[in-house]
Amino acid sequence: MTRIFNDPAVFAEEALQGFCELHADLVRRVDGGVVRRRRPAQPKVAVIAGGGSGHYPAFAGLVGRGFADGAVVGNIFTSPSAQQAHSVARAAASGGGVVFTYGNYAGDVMNFGLASERLAAEGIPVANVVVTDDIASAPPVEADKRRGIAGDFTVFKIMGAAAEAGAEFDDVVRLGRKANSLTRTIGTAFGGCTFPGAEAPLFTIPDRQMGLGLGIHGEPGLLDTELPSAAELGQELVARVLAEKPDGGGNRIAVILNGLGSTKHEELFVLWRTVAAQLREAGCTLVLPEVGELVTSLDMAGVSLTVTWLDEELELLWAAPAETPAYRRGALSAAVDGAETADAAEADDPERTVVPDSTSESREFAQHCVAALETARLTLHEAEARLGEMDAVAGDGDHGRGMVRGIDAAFNAAVLAADNGAGAGTVLTAAGDSWAAKAGGTSGVLWGAGLRAFGESIGDAAAPSPTALVAAVKSFTDRILILGKAEPGDKTMVDALLPFHRTLTEATAHNNGAFAGWEQACRAAVGAAEATAALAPRKGRARPLAEESIGTPDPGATSLAMVSAAVVRRFTAPAPSAAHSTAN
Ligand code: ADP
Ligand code: MG
């Protein structure tokens with residue numbers, strides 16, 4: 001249970017404010033996250049960690065000398081937006097290029113990828129090191145699909161130390177990838193975690209049971225078993241990790257025994273007795289092991305065991321000094337820092353952009369776009385809890401919240417742009433950008449980018465014809481396909497989107513471009529979304545728990561069908577009669 005909060009919607013933001021207030025000597029708040037207070041004296045590679053909130057000390061607590069140069073901070077369990085990642089990278093970059101590093105989650109991969117495209121276009125060398133340590137989330141042959149959990153810590157630490165020591169850009173990337181390839185984690189959960197303000201935990205585990213293979217976003221474990229004794233648990237964790245010893249792994253290892261949020265240090269110490277003994281018995285030499293909370297999951301009860309097999313260069317970096325708000329090792333020399341940086345002045349002129357020229361027809365159509373977004377907004381607010389529950393079956397339970405944050409931001413941006421006299425294309429691109437910036441998560445990136453593509457397609461020149469609207473739906477669809485790389489049958493929103501687009505295109509061609517196809521397309525989308533219940537997910541956060549998901553429709557496909565149906569109904573249903581609207 002999370003007991004201390006004001007407005008749950010701003011919990012992550014307020015936690016970050018308090019954190020920055022406390023550690024003002026070490027970190028500086030910037031748009032999108034935090035960076036070190038002091039700039040490096042010499043240009044260096046900037047290592048930028050990131051991901052959602054709820055994992056403290058990951059990731060903001062790891063910003064400091066010898067570790068990360070900045071952290072991009074998303075909402076709870078939600079990927080930060082591309083804009084946030086870009087902003088933090090710009091603030092932290094000191095001339096040596098930028099390396100983004102994060103756990104392997106679709107939303108993070110897409111958002112950091114989009115931010116990387118922007119940085120590269122600006123001439124900043126940029127690379128991504130994606131952590132895939134969780135052996136429970138995919139078999140060895142699909143190791144690149146594994147998610148990142150507490151192994152984030154060793155990989156980030158090793159890269160941070162390399163960059164601090166002045167390693168070249170390519171070398172920092174190489175070392176990070178090598179550390180990841182030599183890192184394995186297995187976790188287990190004893191109890192679920194609860195979002196601030198939520199009445200119930202994301203998942204529950206029966207008393208005296210544990211879920212082996214937990215993720216750090218409240219994804220339940222892969223295998224529920226009787227709760228063993230500490231000694232049996234220690235043996236089980238060690239055996240599972242050592243069974244995955246990578247090629248090239250020697251005897252010297254970095255070890256993390258990590259508490260997930262509400263497991264006490266004393267419990268960890270009891271477990272450590274066995275873990276340390278078992279590892280030594282297996283011939284391992286333990287190098288500076290860590291026992292404590294390093295990558296958490298709100299108040300989840302659980303532990304994870306991470307091993308990184310060290311070679312000579314990795315061991316030096318693992319052992320190197322670091323000084324961050326949450327983590328200190330050894331002593332750094334005093335004289336290597338550069339100038340202190342001041343907090344940025346409050347943004348003085350938010351989003352004061354020039355409104356491109358538009359026709360009066362386009363501005364009139366923009367009003368319909370605003371109305372459509374308003375309908376989507378009402379629909380998604382009403383469905384928020386249900387979409388969250390669907391996502392919690394095999395994903396992380398944030399789909400309802402993410403969609404609501406996205407549509408609220410999109411609607412507000414659209415109203416602002418329309419009030420400023422923008423045409424329909426500009427109104428929708430502003431809505432898309434705002435959706436992507438505020439929603440976070442996989443669906444947020446895709447909806448934001450899709451809406452932007454839709455807006456770019458219709459433009460500001462004229463009110464779109466029926467065929468132009470179908471072309472805009474195609475742009476929306478294509479953008480989502482290219483960015484998300486999902487195939488039909490992967491159990492994603494694409495499974496509702498493709499039938500929608502196909503039906504609309506065919507019906508519009510038949511009706512010589514009239515609007516008749518829209519209702520038909522919605523029926524196709526709603527039917528297809530329901531039919532996803534039979535599928536097992538092959539993309540996104542629900543994939544590791546594919547079996548659990550069978551029987552429940554895909555949340556992203558459901559929300560897409562829901563939104564399209566509500567919007568089309570609004571524009572095709574006969575207006576309610578006056579008698580109706582005044583009846584009580
Ligand atoms: P997250 O998965 O980051 O928590 P959400 O919960 O908001 O984000 O959205 C989950 C939905 O996103 C899924 O139900 C699915 O429809 C959609 N999705 C996930 N991955 C992809 C992808 N690669 N392409 C298209 N849609 C995807
Ligand atoms: Mg989700």
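The residues of the chain are indexed from 1 along the displayed sequence. Note that the coordinates shown come from a computational prediction; the quantities given were computed from them, not determined experimentally. Just follow the structure's listing: the first ligand is 1, and inside any ligand the first atom is 1. Values below: all heavy atoms of this structure, side chains included; hydrogens, waters and symmetry mates excluded.
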Notebook entry, point to check: the Mg ion (ligand 2) as vertex, arms to OD1 of Asp398 and OD2 of Asp391: angle to 10°?
Noted result: 90°

Notebook entry, point to check: What class does the angle between the rings of Phe77 and Phe195 fall in, given that below 30° is parallel, 30 to 60° is tilted and above 60° is perpendicular?
Noted result: perpendicular

Contact check: [X] vs ligand 1, nitrogen or oxygen atoms, below 3.5 angstrom:
{"X": "Met493", "value": "yes"}
{"X": "Asp396", "value": "yes"}
{"X": "Val494", "value": "no"}

I'd like to know if [X] and [Y] make a salt bridge, using a cut-off of under 4.0 Å between side-chain N and carboxylate O.
{"X": "Glu384", "Y": "Arg405", "result": "no"}
{"X": "Glu456", "Y": "Arg452", "result": "yes"}
{"X": "Asp495", "Y": "Lys491", "result": "no"}
{"X": "Arg146", "Y": "Asp133", "result": "no"}

Nearest non-hydrogen protein atom, [atom]:
{"atom": "atom 25 (C) of ligand 1", "result": "Leu446 CD1, 3.3 Å"}
{"atom": "atom 5 (P) of ligand 1", "result": "His399 ND1, 3.4 Å"}
{"atom": "atom 22 (C) of ligand 1", "result": "Gly484 O, 3.8 Å"}
{"atom": "atom 24 (N) of ligand 1", "result": "Ala486 CB, 3.4 Å"}
{"atom": "atom 16 (O) of ligand 1", "result": "Asp554 OD2, 2.5 Å"}

Note to self: Test side-chain contact (heavy atoms from CB on, under 4.5 Å) on Val415 and Leu373; report intermediate values, then the result.
What the structure shows: CA-CA 10 Å; Val415 169; Leu373 289 168; over 6 Å; no

Next item on the list: Verify side-chain contact (heavy atoms from CB on, under 4.5 Å) between Glu487 and Val494, making sure each step is shown before the conclusion.
Entry: CA-CA 7 Å; Glu487 311 253 338; Val494 162; over 6 Å; no

Note to self: At less than 4.0 angstrom from any non-hydrogen atom of Asp391, what atoms of ligand 1 do you find?
What the structure shows: 6 (O)

Check: Of the choices Thr442, Asp108, Asp495, Leu387, which has the non-hydrogen atom that lies closest to atom 2 (O) of ligand 1?
Finding: Thr442

Any [X] heavy atom less than 4.0 Å to ligand 1:
{"X": "Ser443", "answer": "yes"}
{"X": "Ser79", "answer": "no"}
{"X": "Gly107", "answer": "no"}

Check: Should the heavy atoms of other residues, nucleotides or ligands under 6.0 Å from CD of Glu13 be counted, would the total exceed 12?
Finding: yes

Note to self: Using side-chain contact (heavy atoms from CB on, under 4.5 Å), reason through Thr324 and Val63 one step at a time and then give a plain yes or no.
What the structure shows: CA-CA 6 Å; Thr324 78; Val63 172; 5.9 Å; no

Checklist line | Output field: ring centroids Phe476/Trp447 closer than 6.0 Å | finding: yes

Notebook entry, point to check: By atom name, which N, O or S atom belonging to Asp396 lies closest to the Mg ion (ligand 2)?
Noted result: OD1

